[in-house]
Amino acid sequence: MENYEHHQLEKKWQQIWEAQGSFRVSEDPLRPKYYCLEMFPYPSGRIHMGHVRVYAIGDVVARFKTMRGYAVLHPMGWDAFGLPAENAAIEKGVHPDIWTRENIAYMRSQLKRLGLSYDWDREIATCEPDYYKWNQWLFLKFFEKGLAYKKRSAVNWCPSCETVLANEQVEEGRCWRCETEVVQKELEQWFFRITAYAEELLRDCDRLTAWPARVLSMQRHWIGKSVGVEVDFPLAEPLGDLAALRIFTTRQDTIYGATFMSVAPESPLVEQMIAGREQAPSVREFVARVSRQDKVLRTALEHEKEGVFTGAYAINPFTKERIPIWVANFVLYEYGTGAIMAVPAHDQRDFDFASKYKIPIRLVIQNPERTLREDHLKAAYEEQETAGVLVNSGQFSGLSVADAKARLVEFIKQQEFGRPTVNYRLRDWGVSRQRYWGTPIPIVYCETCGIVPVPLADLPVELPKDVPFTGNGASPLLHDESFLRTTCPKCHGPARRETDTMDTFVDSSWYFLRYCSPHYELLPVERAKADYWMPVDQYIGGIEHAVLHLLYARFFIKALRDLGLTKADEPFTSLLTQGMVCKETYRCETHGWLFPSDLVEDEKGGWKCKHCGQPAERGRVEKMSKSKKNIVDPEHLVNAYGADTARIFSLFAAPPEKDLEWSDAGVEGAYRFLGRVWRLVNGLAGIFDEKKPVGPSTQVTELRRLTHRTIKKVTEDVDREFQFNTAIAALMEFVNGLYKFEAEGKAGTERESFQEAIETLLILLSPFAPHMSEELWARTGHDMMLRHVAWPAYREDMIKSDILTIPVQVNGKLRSKLVVPAEWTKAQILDASLADEKVAEWVRGKTITKQIYIDKRLVNIVVEG
RNA sequence: GCGAGAGUGGCGGAACUGGCAGACGCGCGAGACUUAGGAUCUCGUGGGCAACCGUGGGGGUUCAAGUCCCCCCUCUCGCACCA
């Protein structure tokens with residue numbers, strides 16, 4: 001028998017698939033559609049194990065759905081703009097365009113070597129003018145509708161990437177990409193008004209029932225809706241046009257307990273309030289000191305609460321008391337109105353602040369036990385759920401917190417003290433990037449006309465290629481006169497182009513729509529095609545995009561729907577967030593992280609550092625990364641074992657949503673399994689020389705039962721929950737069973753059933769290990785490509801067994817197993833149970849109090865004494 | 001602190017609505033075939049001599065609990081002064 005030459009065999013089938021255009025797809029009115037999409041990669045240079053995993057998952061789904069009769073859209077493309085290309089240009093002197101294209105070419109060939117079933121005719125790269133042209137088109141439409149606007153504000157600035165970052169792109173105060181600490185900078189920037197969709201984005205989370213709860217919870221939290229009121233506290237002495245201090249609160253029920261006000265240091269109100277007062281110098285000093293502090297540190301919960309009195313007073317509209325206005329470091333300028341009423345008795349932050357500055361604390365909510373004493377409070381009483389009752393609150397005293405909240409909203413409205421308000425944590429999305437390798441923002445600045453959008457007909461605004469990359473900071477676009485200088489589309493006078501480019505998350509916010517009609521020239525998407533394919537039925541990608549890409553894409557689809565480009569209002573019906581690929585790490589005290597090749601075995605079977613001989617400490621199992629030196633290059637894996645093994649390994653080792661720990665032994669196991677399939681089928685190929693199965697025989701045998709049970713198990717595991725690991729386990733059991741039956745000579749005595757079994761095995765295996773399946777399929781005399789073979793249906797009558805094995809328990813403990821004919825009644829089975837020797841032993845001399853019988857599954861005899 | 005998720009053999013992991021805990025794979029042990037095998041095949045493999053004990057710990061519900069309820073512990077992830 002020939003050996004399993006994966007190299008040659010995989011190459012052969014990849015060529016055949018390519019030559020035949022096997023994976024091309026078009027709209028088909030006769031079949032249901034299925035859009036299967038994996039997040040497209042950034043063309044960094046080479047694929048890594050994470051790519052292998054996510055694309056193997058997607059490929060199983062796509063191939064499975066195709067064989068189940070769906071028209072499956074399964075495209076691939078490149079998220080091709082971004083900073084690494086620019087850094088490569090600076091470091092290696094290669095133009096980002098060339099660097100990116102070379103990477104794409106190489107990675108495309110790597111993906112093809114994995115045997116992924118993509119319709120490559122639909123390939124897109126976001127750095128192509130015929131893609132980013134539509135980014136610009138969409139930007140202009142957004143601009144027209146007021147969804148894109150420019151404003152000056154404090155923004156997150158990454159000093160290392162030398163660009164602005166959106167709020168979503170800052171993680172623990174650091175840049176999501178390079179982990180450099182982010183600083184605040186005051187800049188004029190373009191924003192997308194994602195907040196216009198805050199309510200819909202939040203509400204529709206409820207409709208995304210096929211998304212992981214974790215992702216939805218993160219999105220809900222990020223949007224952060226809070227319902228409350230804005231209340232105007234009149235100033236005791238009006239200051240120019242400033243007559244009142246407006247605050248936002250969700251705790252209007254505590255308003256009688258407000259004993260001071262706090263304003264954010266950044267607020268322009270501060271200057272207005274202190275002008276000409278003796279407090280002015282100390283307030284200015286405080287504001288300056290706070291604004292110099294690191295924002296992350298300053299906004300950490302543990303950070304000490306500090307503030308300074310402004311000298312101004314406001315009037316509490318309810319109590320008519322004069323209460324002092326402070327500036328406090330913990331008040332956020334960006335949230336609400338940038339000012340709060342402070343209720344020390346019922347807010348811990350205010351409590352800490354009031355205690356520090358000896359501001360009165362007034363109790364206005366009494367706990368159900370009535371044990372709170374205003375002069376002995378050790379902490380704020382913040383409880384809202386229990387039956388607390390209002391006290392010291394005028395006409396509202398005696399009400400529960402919930403009742404008081406509702407009544408106060410009404411009263412505030414009626415008295416025109418303020419208005420009900422909803423606030424969101426979500427901020428508008430800053431999309432300007434001070435970088436070269438991105439989509440130019442299609443705006444010109446004219447001395448006479450101001451901000452002027454580039455006319456749609458003039459798109460694309462092409463990124464100039466011939467620019468120098470000096471690495472001295474600013475974007476090369478700033479110095480490219482031929483790009484910069486233009487004429488105003490309105491007045492034809494001299495004008496200057498916007499030099500900022502768009503956040504690359506704009507590119508990925510709608511690429512799934514472009515795949516529906518990738519070559520369409522009139523609009524970003526061809527409406528009919530988008531209506532056919534959208535929404536994406538199954539989206540697969542990493543959890544790291546839970547609030548980045550996944551939120552932006554949801555916003556985009558809603559905005560595009562409102563532009564009439566699609567009827568979908570959610571982009572992804574079902575979402576699978578696959579886990580990371582991890583591997584153990586090793587460290588040496590002197591040399592830091594160690595590659596496996598830096599390790600030598602010591603006398604005791606442990607590891608030591610090759611360079612210094614010190615013991616190498618086995619670190620934690622961590623996500624594969626270059627810096628931790630625990631990466632495995634998929635190319636080596638594919639060279640040594642083949643794509644089918646790489647796929648089987650990454651699908652079998654863990655369920656898709658969990659982290660997968662790399663294991664050399666696991667790869668060997670996957671390879672061994674494929675070897676078993678190879679030898680089994682090749683050894684039996686002869687049984688196909690004689691006539692094909694004449695059709696489903698009615699005979700039920702152990703062999704046929706195994707075949708049909710396997711169909712059921714694999715189908716359900718793949719279709720229902722994406723449990724590829726257990727699906728593969730079922731295939732392994734199937735193969736083990738076939739070896740056993742073969743050894744019993746059934747290939748001869750039950751030839752037709754064996755043919756059915758082998759054919760079933762190859763069909764079921766084909767989404768997981770397509771190359772080997774296709775090869776063996778051809779070797780067993782089949783002409784049609786597996787892809788066009790219908791996925792088998794199992795037959796219920798084949799699964800049923802005519803004998804049952806019933807476990808028998810005595811007092812809940814397994815004592816015996818009964819093998820009985822399937823048609824036996826409950827009474828017969830119970831009689832047989834009691835007659836069973838082993839059971840009798842446990843029952844003897846005792847009284848039977850109960851006999852539990854679960855149909856066809858279990859007997860439990862309960863005894864006493 | 002708030003929110004989400006997880007804890008099962010030596011390891012990765014199975015177990016549908018409560019019903020045989022540990023499928024499948026790795027590892028390990030024994031054997032077969034071999035000049036040889038790190039190839040392949042077969043058998044065994046939670047612990048314990050046993051009664052029994054075993055799904056992070058402690059209670060509970062039930063004929064029956066990995067699964068349901070209460071309390072606690074640990075870990076991972078996300079958000080973190082949002083008024």
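Per chain, numbering begins at 1; letters A, B, ... match sequence-line order. Below, each value reflects all heavy atoms present in this structure, side chains not excepted, and no hydrogens, waters or symmetry copies.
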request  = Look at A/Tyr424 and B/C82 and indicate whether a side-chain polar atom (N or O) is within less than 4.0 Å of OP1 or OP2.
outcome  = no
key: Side chain of A/Arg349 (C-beta onward), nearest among B/C81, B/A80, B/C63   = B/C81
ask   = So what does A/Pro212 hit on the nucleic acid, given a heavy-atom distance under 4.0 Å: a base, only sugar-phosphate, or nothing?
value = nothing
Bracket string, RNA chain B, 5' to 3' - pairs by Watson-Crick or G-U geometry under 3.5 Å, | interstrand = (((((((..(((......[....)))((((((.......))))))((....))..(((((..]....))))))))))))....
query = A/Lys305 side chain: which of B/G13, B/C81, B/A23 is closest?
reply = B/C81
inquiry  = Looking at A/Arg220, I'd like to know if its CZ atom is crowded, meaning that more than 12 non-hydrogen atoms belonging to other residues, nucleotides or ligands lie closer than 6.0 Å.
reply    = yes
inquiry  = So for atom NZ, which belongs to A/Lys746, do other residues, nucleotides or ligands contribute more than 12 heavy atoms lying within a distance under 6.0 Å?
reply    = yes
request  = Compare side-chain N and O positions of A/Arg220 against OP1 and OP2 of B/G78 and report whether any pair is under 4.0 Å apart.
outcome  = no
task = For each nucleotide in nucleotides 26-53 of chain B, reading 5' to 3', give B when a protein heavy atom comes within less than 4.0 Å of its base, S when such contact involves only the sugar-phosphate, and - otherwise.
result = SS------------SSS---------SS
note = Picking from B/C20, B/G19, B/A80, the nucleotide nearest the side-chain atoms of A/Arg425 would be B/A80
inquiry  = Counting the atoms with a prime plus P, OP1 and OP2 as sugar-phosphate, which does A/Gln809 contact under 4.0 Å by heavy atoms, base, sugar-phosphate, or nothing?
reply    = base
message = Please pick, from B/C82, B/C81, B/A64, the nucleotide with the shortest atom-to-atom distance to any side-chain atom of A/Asn329.
response = B/C81
message = Can a donor-acceptor pair be found, under 3.5 Å and without considering hydrogens, that links the side chain of A/His346 to the backbone of A/Ile365?
response = yes
side-chain N/O A/Thr805 vs B/C20 OP1/OP2, d < 4.0 Å = no
Output one line per pair: protein atom, nucleotide atom from nucleotides 3-7 of chain B, and distance, for all N/O pairs under 3.5 Å.
residue	atom	partner	partner atom	Å
B/G3	O2'	A/Ser217	OG	3.4

task = Would you check if there is a donor-acceptor pair between the side chains of A/Asn423 and A/Ser226 at a distance under 3.5 Å?
result = no
ask   = Within less than 4.0 Å of OP1 or OP2 of B/G12, is there a side-chain N or O belonging to A/Asn725?
value = no
